[in-house]
There are 2 protein chains.
Amino acid sequence: MARNPIQNKRMRDERRQAILSCAVRLFATRGLAATKVADIAAAVGMSQGLLYHYFRSKEEIFVEIVRQAFERMNTAARDLERLPLTPRQKVEQAATTLMRTLEEHENFSWISVLISTASISDAVPAEARAIIRRERDVPYRVVARLARAGQRDGSFDDGRPDDLALVFWTTVKGLALHRLALGPTYKSPDPRVLTRIFFSETPT
Amino acid sequence: MARNPIQNKRMRDERRQAILSCAVRLFATRGLAATKVADIAAAVGMSQGLLYHYFRSKEEIFVEIVRQAFERMNTAARDLERLPLTPRQKVEQAATTLMRTLEEHENFSWISVLISTASISDAVPAEARAIIRRERDVPYRVVARLARAGQRDGSFDDGRPDDLALVFWTTVKGLALHRLALGPTYKSPDPRVLTRIFFSETPT
DNA sequence: CCCTCCATTGAATGACTGTTCAATCAAATC
DNA sequence: GATTTGATTGAACAGTCATTCAATGGAGGG
């Protein structure tokens, strides 16, 4: 193995990521409590003991997954908001991107499901709960602001912005769920099922 | 206690229902594995041992909940389908009823969340998985048929009926989730967020 | 008043599983 | 080739928790 301390750290990080990405689908399909450390170790292909060389505990793995998930999702949401586009274009782009991501990256769906269940659950580590509480409504707020902007400039229909944002993300989560149920057969619906939440077909 | 064997059975059934309705929210918030038998017993207010007088195992409780949930939901769906109404009226009635139920009966949301998580989970008893596999798409099919009927008679917009049904139920599930997060503060959005999936505002 | 059911308890049991640890291995540096 | 440093293992440990069970209570019927 690499003795170079920098390469060393990199390999360690890669190994941690490998563990995380195996653990995601286990946690998503079984939940934290029902996922055994032995399962994770088997999925990664290492001994149980070695897992504890990379993470202090099963809970730490879980927390790390939650942390990274929100980091990526919220960065993407804020990036979208900053793009120099009209509200209508932003919604269209978000809808198209999300539908494509659903089809192409199974991982997005695993993470989405994991977060959904973790958000409800009483049985998650306190640290994970804190992250969730702090981060979970960022995407909702972004979309609600978008809805408000669109309604102000007249390109969107009416409806309480918060409700519309809720329906928007709810639909995405539901599709993610469905995508996992179907596997590779899955085909995303027309992005208009998302855009229609905000405005009817006819371009202004 | 009632010695009358008929009354006796009735009291036993009531007790079983009491256990089930306490267990639902525990299973919904923690998942099957993370819910301890001790928790359920404490919630009902009985000893752990006594639980086993009413149910053979923790899993049996879970399975019974799943069974009853699908029974009610699917009966309601099929009842709606049989009503002498136009597709448009049926969708409107379903939307209104669901929005009201969400506000008034917290239990509906608990059950909805329980079923959602159970549907994904690998870690549910085989019997529950069988019930889920067998029953879960009844409501989807009912709504898809409705969509097809509405499109045929021209009162609905276009869109793949299966996709529309998916989006419809997904939204309901998402709202149930949100309703639990908010508690008594929750206020259902305008039913049109549901009807709009199928047709635009203007009445034909 | 006794006998028979059922409800009820609380403690014992036994399996499961997260975590620790002492020991081995392998690579790189000197 | 000796030494250091991190990777890796497998078994042991400890705590948790579902399930069982022997014993008690209490209500109605004879």
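Hydrogens, waters and symmetry mates play no part in the numbers below; they use all other heavy atoms, side chains included. Numbers restart at 1 for each chain; the letters A, B, ... are given by sequence-line order, proteins then strands.
- In this structure, Arg152(B) has no salt bridge (charged side-chain N to carboxylate O under 4.0 Å, His left out) partners at least two apart in sequence or on a different chain.
- Tyr54(A) comes within 4.0 angstrom of the backbone, heavy atoms only, and of no base.
- Atom CZ of Phe55(A) and atom P of dT8(D) are 14 Å apart (whole Å).
- Which of dT8(D), dA18(D), dT8(C) sits closest to the side chain of Lys58(B) comes down to dA18(D).
- Atoms CG and CD, from Leu146(B) and Gln151(B) in turn, are 10.5 Å apart once rounded to the nearest 0.5 Å.
- Within the model, atoms CD1 of Ile120(B) and CD1 of Ile115(B) stand 11.5 Å from one another, a figure rounded to the nearest 0.5 Å.
- Note: CD (Glu59(B)) to P (dA18(D)) measures 11 Å, nearest angstrom.
- A close approach under 4.0 Å does occur between a side-chain nitrogen or oxygen of Arg12(A) and OP1 or OP2 of dA7(D).
- Among Arg16(A), Lys9(A), Gln17(A), Arg15(A), the single residue meeting the side-chain hydrogen bond (donor to acceptor under 3.5 Å, both in side chains) criterion with Asp13(A) is Lys9(A).
- Sequence order on DNA chain C of the closest nucleotides to Ala33(A) and Gly49(B) puts Gly49(B) first from the 5' end.
- In this structure, His53(A) does not reach the dT8(D) phosphate: none of its side-chain N or O atoms is under 4.0 Å from OP1 or OP2.
- With rounding to whole Å, Met11(B) atom CE is found 14 Å from dC5(C) atom C1'.
- Whole-Å rounding puts the Gln48(B) CD to dA11(C) P distance at 12 Å.
- Checked against dA7(D), dT19(C), dT19(D), the side chain of Tyr52(A) finds its nearest nucleotide in dT19(C).
- Contact check on Glu127(A) versus Arg67(A) returns a salt bridge, with a Lys/Arg side-chain nitrogen under 4.0 Å from an Asp/Glu carboxylate oxygen.
- Distance, Leu26(A) CG to dT17(C) P: 14 Å, rounded to whole Å.
- As a whole-Å value, the separation of Ile40(A) CD1 from dT17(C) P is 13 Å.
- If you take CG of Leu32(A) and P of dG18(C), they are 9 Å apart, rounded to a whole angstrom.
- For dT8(D), the OP1/OP2 oxygens have a side-chain nitrogen or oxygen of Arg15(A) closer than 4.0 Å.
- Relative to the side chain of Leu50(B), the nucleotides dT19(C), dT8(C), dA7(D) differ in distance, and dT8(C) lies closest.
- For Asp190(A) and Arg192(A), the salt-bridge test passes: some basic side-chain N is under 4.0 Å from an acidic carboxylate O.
- DNA chain D lies under 4.0 Å from no heavy atom of any residue of residues 122-130 of chain B.
- Atom NZ of Lys36(B) and atom C1' of dT17(C) are 15 Å apart (whole Å).
- Residue Arg78(A) holds its CZ atom at 12.0 Å from CE of Met73(A), rounded to the nearest 0.5 Å.
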